[in-house]
Amino acid sequence: MGIKVCKFGGTSMADGNIIRSVAKIVNSDEARRYVVVSAPGKRFSGDIKVTDLLYECSDEAATGMKRSEVFSKIRTRFLSIEKEIGMDIGLEAMLDEIEWNIVSGAGKDYCASRGEYLSGRIMAAVLGIPFVDAADVIQFKADGSLDESTYSLMASVLKKYPKAVIPGFYGKGVDGKIKTFSRGGSDITGAIVARAVKASLYENWTDVSGFFACDPKIVPSAKCIKELSYQELRELSYMGANVLHSDSIFPVKAAGIPIRIRNTFRPQDEGTLIVDSDVRNPEGNVVTGIAGKKDFTVILLEKSMMNAEVGFAANVLKVLCHHGISFEHLPSGIDTMSVVIENKYLEEVSLDDILQEIRDAVHPDYIHTRESVALVATVGHGMAESVGTSGRLFKALSDAEINVIMIDQGSSELNIIVGVDNEDCAACIRAIYREFFG
Ligand code: ASP
């Protein structure tokens with residue numbers, strides 16, 4: 001029998017009752033041997049995720065506060081979970097120690113990681129299986145990326161435990177201190193565990209019944225995708241479909257382990273299976289899914305004979321590189337080039353300064369910017385073999401009177417990306433959905 005690694009997200013750990021349902025799910029299948037958990041999430045709309053409280057707490061601690069107001073909310077939250085599950089697992093003492101460490105300057109990542117740490121302790125007690133601290137099995141390199149030695153280290157530790165709970169979201173840095181992944185990173189931990197134990201399946205349990213062809217908040221009747229490929233998932237997650245962290249694909253893809261998205265609140269639903277494939281999905285759709293992300297800036301450059309100027313693009317990109325800005329897209333013509341960057345980069349450096357540096361570096365005839373741009377990606381392996389897909393897409397957008405600012409299609413024909421005004425983002429997704437899914 002193959003091993004299943006199950007990761008449960010924040011809403012699956014939100015209170016004692018839900019945690020009991022999680023235990024039932026785990027215990028209903030002997031193959032579910034390794035369990036990765038997130039910190040308790042929202043119980044109702046308006047509730048605050050424990051991780052968000054922990055970040056607030058670390059900000060408080062940074063100001064030198066010796067008694068954290070916010071930490072008392074976290075304490076209450078965990079103690080009520082302990083009460084709801086009806087077990088004494090010694091959380092009070094753990095909370096005391098954590099609070100002490102936080103006010104003594106343990107740092108932001110340590111603080112943020114404690115939600116997962118305590119969730120893991122709770123889950124291990126409820127399941128009656130060992131707790132393996134992620135800090136002992138996940139290692140980061142000095143540049144912040146995952147140290148590949150994690151896989152052999154984790155495999156050798158987990159070999160000793162037929163079943164275990166591992167907290168998500170963090171590991172240890174080269175300085176021996178706790179280090180976290182980016183937000184939503186417990187998905188990455190689950191994928192790493194799956195690869196380390198050579199799992200036959202990585203089950204990612206959340207609060208939706210799978211991956212939808214587009215955001216159900218935009219199209220309430222959006223259909224659930226039965227199967228998609230790692231690449232399609234990566235493209236859609238990256239562009240805002242936030243069921244799974246987009247970086248969680250890499251560990252499982254490298255080992256060919258399928259992922260299944262499941263719903264803790266509807267375990268009877270089949271969910272979505274993510275597999276290694278580069279062909280049209282079994283449902284036969286040309287388009288697999290559509291996702292959109294707002295808040296990009298497009299820098300448009302024009303210069304006569306740009307095509308003959310060796311190093312033009314490199315010199316523009318050097319300016320961005322100098323400011324630590326990575327670009328998203330680079331559509332270009334003979335004498336034009338557009339660079340698309342995320343607005344978040346413009347919080348640290350002003351757009352005017354960047355434009356001036358580009359002017360000095362490449363002397364364009366014309367430089368212009370367009371802010372508040374949303375990118376909408378239409379994704380699907382089926383597009384490569386279907387004539388007329390882009391025609392259908394652009395006709396749908398023109399019928400919906402949506403102005404397309406930018407177009408980018410990779411040569412793999414896996415996606416077509418259009419830039420539209422932020423305000424047109426939802427309408428754009430709706431129009432494309434209607435065209436391809438009816
Ligand atoms: N608790 C962390 C967050 O809220 C990590 C996770 O849930 O995956 O981002």
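Any value given below was found using the heavy atoms of this structure, including those in side chains, with hydrogens, waters and symmetry copies removed. In each ligand, atom 1 is the first atom listed, and ligand 1 is the first ligand listed.
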From the candidates M13, R183, E116, the one that places a heavy atom nearest atom 5 (C) of ligand 1: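 Checking each option, the heavy atom nearest atom 5 (C) of ligand 1 is found in E116.
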Which option out of S38, A39, G10 puts a heavy atom nearest to atom 7 (O) of ligand 1?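 Answer by nearest heavy atom: S38.
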Verify whether one side chain among [X] and [Y] offers a donor that lies under 3.5 Å from an acceptor in the other.
X	Y	result
R234	Y238	no
N343	Y345	no
T288	H381	no

Considering both backbone and side-chain atoms of K7, is one of its nitrogen or oxygen atoms within less than 3.5 Å of a nitrogen or oxygen in ligand 1?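 No - when backbone and side-chain N and O of K7 are compared with those of ligand 1, no distance drops under 3.5 Å.
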Within ligand 1, which atoms have a heavy atom of T51 less than 4.0 Å away?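 That gives atoms 1 (N), 2 (C), 3 (C), 4 (O) of ligand 1.
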Which atoms from ligand 1 have a heavy atom of K49 less than 4.0 Å away?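 Every atom of ligand 1 under 4.0 Å from some heavy atom of K49: 4 (O).
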Would F140 and F181 count as a close aromatic pair, with their ring centres under 6.0 Å?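 Ring centres of F181 and F140 closer than 6.0 Å.
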Please report the C-alpha distance between D207 and N263 in whole Å, then the side-chain angles of each, then the deciding distance to 0.1 Å, and finally whether the side-chain hydrogen bond (donor to acceptor under 3.5 Å, both in side chains) criterion is met. CA-CA 5 Å; D207 53 5; N263 188 347; over 6 Å; no
Tell me which protein heavy atom sits closest to atom 6 (C) of ligand 1, plus the residue, atom name and distance to 0.1 Å.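 For atom 6 (C) of ligand 1, the nearest protein heavy atom comes out as S186 OG, 3.3 Å.
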Could you establish whether G168 and ligand 1 come within less than 4.0 Å of each other, counting only heavy atoms on the residue side?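 G168: no contact with ligand 1 (<4.0 Å).
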Heavy atom of G185, distance to ligand 1 below 4.0 Å: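 True for this residue.
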With a 4.0 Å cut-off, would you call K7 and D187 a salt bridge?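 The answer is yes: the pair qualifies as a salt bridge.
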